[in-house]
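Everything on this sheet refers to the single structure shown next.
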Amino acid sequence: MKQFINIESHAEHLRVAGLDTMAGIKAWNGGLVKNHRGRRDVSRIEVAGSDGVLRVLYLKRTWQPYRKDGFSSLFRHGRVVSYSRQEWDNYMALRRVGIGTPDLIAYGEECGPFWERFSFILTGEIRDSISLDQFLDQCREPHLRRSTLREAALTVGKMHRAGLFTPDLYSRHIFVSCQSTSQPRLCLIDMARLDKCSRMVRQKVVRDLALLNVSTPHCLLSLLERREFIRAHPVCTNGQWLFRAVEKKSQYYLRKRRKFNGFFATHSKVSHQRNSE
């Protein structure tokens with residue numbers, strides 16, 4: 001079994017916290033944010049170096065990877081590529097086309113000949129930012145909402161024009177850092193799945209926009225704002241066809257996938273769910 005760790009930055013902070021070895025990564029306990037049924041977990045970690053400056057990092061560990069993913073990566077790359085390495089590479093691909101991502105701190109993997117056994121990725125905190133759905137829940141300033149939605153549409157469009165698409169384009173995976181007097185800045189998180197194509201594929205554009213649509217609760221975004229978002233997307237030379245295609249695909253997801261049942265949740269339910277996460 002092959003073991004590999006790549007530390008890109010904050011090496012001293014990781015050493016002090018005992019997070020510079022695979023054993024230390026596996027033994028870490030604390031700051032749990034989410035546990036995906038024992039397969040993966042995410043922890044928030046505060047570490048300080050010799051300079052006394054506190055850094056906030058996020059550790060995502062994959063404990064029980066799907067074997068089919070190992071075989072798939074073996075077929076695509078000629079070698080096993082772990083879930084965490086794939087997410088790292090996807091962030092790098094997004095950065096190369098000017099899309100914001102979290103700071104990349106480190107990743108590591110243990111891989112056998114046919115599938116991975118364990119992997120992790122460490123990223124930095126996106127400071128002074130909130131997720132897009134939280135922003136839409138809190139912001140009541142029309143001009144700021146419009147400028148942020150337009151920037152989000154342009155960001156997604158830039159990704160698509162570069163031939164990059166993701167089935168994880170949810171409103172909670174887009175982070176917004178903005179003030180009323182400045183241009184909104186956006187970052188994408190949780191990009192472990194990224195389709196890389198040589199050109200923009202309309203079918204994948206529609207899929208991504210539909211997933212973003214149904215992951216944004218109905219009470220947080222008006223129909224007019226949703227239309228304006230689609231019109232701002234670079235592929236939208238004729239707004240009607242794209243809006244109809246996204247609407248049709250959105251209805252499919254709402255019927256077939258229970259994870260989007262919250263689309264029709266009331267404002268109070270959405271706030272309660274967010275506070276309990």
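What you see is a predicted model; the values in this text were computed from it and never measured.
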Throw together a table of side-chain donor-acceptor distances under 3.5 angstrom for residues 245-259, partners on residues two or more places apart or in other chains.
{"residue": "Ser250", "atom": "OG", "partner": "Asn213", "partner atom": "ND2", "Å": "2.9"}
{"residue": "Ser250", "atom": "OG", "partner": "Val246", "partner atom": "O", "Å": "2.7"}
{"residue": "Lys259", "atom": "NZ", "partner": "Tyr170", "partner atom": "OH", "Å": "3.3"}

Which heavy-atom pair separates Pro234 from Arg161 by the least distance, and what is that distance? CB-CD, 3.6 Å
On a heavy-atom basis, which atom in Val80 and which in Pro113 lie closest, and how many Å separate them? CG2-O, 3.7 Å
For Lys2, look at atom NZ and say whether over 12 heavy atoms of other residues, nucleotides or ligands are found less than 6.0 Å away. no
Between CZ on residue Arg226 and OG1 on residue Thr216, distance to nearest 0.5 Å: 6.0 Å
Do the rings of Phe263 and His218 sit parallel, tilted or perpendicular, given the 30° and 60° boundaries? perpendicular
Output the distance between atom CD1 (Ile230) and atom CD (Glu225), rounded to the nearest 0.5 Å. 12.5 Å
Side-chain heavy-atom pair Leu221, Phe229 within 4.5 angstrom cut-off: no
CD/Glu228 to CG/Leu149 distance, rounded to the nearest 0.5 angstrom? 8.0 Å
Asn90 side-chain N/O to Gln86 backbone N/O, donor-acceptor pair under 3.5 Å: yes
Just how far is it from atom CD of Glu46 to atom CZ of Arg55, taken to the nearest 0.5 Å? 13.0 Å
Side chains of Leu132 and Arg172: does their closest heavy-atom pair fall under 4.5 Å? no
Please check: side-chain N/O of Arg227 versus main-chain N/O of Phe243, any donor-acceptor pairing under 3.5 Å? no
Cationic tip of Arg207 above Phe165 ring, under 6.0 Å, 45° of axis: no
For Cys111 and Arg79: C-alpha separation, side-chain torsions, deciding distance, then whether side chain to side chain contact (heavy atoms under 4.5 Å, CB included) applies. CA-CA 10 Å; Cys111 295; Arg79 59 188 176 87; over 6 Å; no
Under 4.0 Å between a side-chain nitrogen and a carboxylate oxygen: does that hold for Arg85 and Glu116? no
In the structure I gave you, are the side-chain heavy atoms of Leu242 and Leu209 within less than 4.5 Å of one another anywhere? yes
Interatomic distance, OG@Ser84 vs CD@Glu110, rounded to 0.5 Å, equals 11.5 Å
Please check if any side-chain donor atom of Tyr83 sits under 3.5 Å from a side-chain acceptor atom of Glu87, or the reverse. no
State, to 0.1 Å, how close Pro65 and Arg117 come at their nearest heavy-atom pair, and which atoms those are. CD-O, 3.8 Å
To the nearest 0.5 angstrom, please state how far the OH atom of Tyr66 sits from the OG atom of Ser72. 14.5 Å
For Leu104 and Glu8 the tightest heavy-atom approach is O-CB, 3.7 Å
Thr166 backbone acceptor or donor facing Asp208 side chain under 3.5 Å: yes
Check whether Leu154 and Phe175 end up in the same hydrophobic cluster, where Ile, Leu, Val, Met, Phe, Trp and Tyr are linked by side-chain heavy atoms less than 4.5 Å apart. no
Closest non-hydrogen atom pair between Lys158 and Ile99, with its separation: CD-CD1, 3.7 Å
Heavy-atom closest pair (Arg150 atom, Ala232 atom, distance to 0.1 Å) is NH1-CB, 4.0 Å
Under 4.5 Å between side-chain heavy atoms, counting indirect links through other Ile/Leu/Val/Met/Phe/Trp/Tyr residues: same cluster for Met92 and Leu94 or not? yes
Name the one of Asp41, Val33, Asp190 that satisfies side chain to side chain contact (heavy atoms under 4.5 Å, CB included) with Lys60? Asp190
When clusters are formed by joining ILVMFWY residues with side-chain heavy atoms under 4.5 Å apart, either directly or through shared neighbours, do Val201 and Leu194 land in the same one? yes
Short question: side chain of Arg40, backbone of Arg37 - any donor-acceptor pair under 3.5 Å? no
Qualifying residue for side chain to side chain contact (heavy atoms under 4.5 Å, CB included) with Ser171, from Leu220, Leu212, Val214: Leu212
Under 4.5 Å side-chain heavy-atom separation, chaining through any Ile, Leu, Val, Met, Phe, Trp or Tyr, what else clusters with Leu32? Say none if it is isolated. none
Let me see the working for Val81 and Arg76 under side chain to side chain contact (heavy atoms under 4.5 Å, CB included), right down to the final yes or no. CA-CA 9 Å; Val81 177; Arg76 291 197 312 270; over 6 Å; no
Any heavy-atom pair between the side chains of Ile174 and Phe135 that's under 4.5 Å? no
Below 4.5 Å, heavy atoms only, C-beta onward: do Tyr91 and Met191 meet side chain to side chain? yes
Please say yes or no: joined through hydrophobic side-chain contacts below 4.5 Å, possibly via intermediate residues, are Leu223 and Leu136 part of one cluster? yes
For Ser129 and Arg127, indicate whether the former's side chain and the latter's backbone hold a donor-acceptor pair under 3.5 Å. yes
How is the hydrophobic cluster of Phe120 composed, in terms of its other members, when Ile, Leu, Val, Met, Phe, Trp and Tyr link through side-chain heavy atoms under 4.5 Å apart, directly or indirectly? Ile5, Ile7, Leu14, Leu19, Met22, Ile25, Trp28, Ile45, Val47, Leu57, Leu59, Trp63, Ile105, Phe118, Leu122
Is there a side chain to side chain contact (heavy atoms under 4.5 Å, CB included) between Leu188 and Met159? Walk through the geometry before answering. CA-CA 11 Å; Leu188 299 184; Met159 180 179 73; 3.9 Å; yes
